[in-house]
**Student:** 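Following this message is one structure expressed as structure tokens.
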Amino acid sequence: MKPTQKYVPLTKQSKRKQREFYAKQRQDWGSINPATKQAPNGKAYNRKKSKHRHSSDFEPCLDFYLLKF
């Protein structure tokens with residue numbers, strides 16, 4: 001701002017000047033894609049998860065059962 005210019009509030013400036021100001025304030029997402037940042041739904045059925053179950057997932061339950069009796 002030059003010393004001879006007065007400060008004009010943003011609301012009093014023209015729409016064109018306001019758009020220029022807000023365009024400078026905006027930033028780019030860069031390499032981040034916000035659409036891919038969603039957590040999977042825990043309640044939804046997931047085929048891949050059910051196919052990759054291993055028998056080792058159930059071993060602690062069997063050990064507990066055998067130790068009890």
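Source: prediction; values computed, not measured. Residue numbers count from 1 along this sequence. Atom set for the values below is all heavy atoms of this structure, side chains included, hydrogens, waters and symmetry mates excluded.
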**Student:** Of all residues at least two apart in sequence or in a different chain, which pass the side-chain contact (heavy atoms from CB on, under 4.5 Å) check with S14?
**Tutor:**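 S14 satisfies side-chain contact (heavy atoms from CB on, under 4.5 Å) with R16, K17 only.
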
**Student:** With sequence neighbours left out, write down each residue that passes side-chain contact (heavy atoms from CB on, under 4.5 Å) with K43, or none if nothing qualifies.
**Tutor:**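 K43: side-chain contact (heavy atoms from CB on, under 4.5 Å) contacts with N41.
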
**Student:** Minimum heavy-atom separation for Q13 and Q18, please, with both atom names.
**Tutor:**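 Taking Q13 first and Q18 second, the nearest heavy atoms are O-NE2, 3.1 Å.
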
**Student:** Identify each donor-acceptor pair in which a side-chain atom of residues 20-27 lies under 3.5 Å from a protein atom, sequence neighbours left out, and give them as a table.
**Tutor:**
none

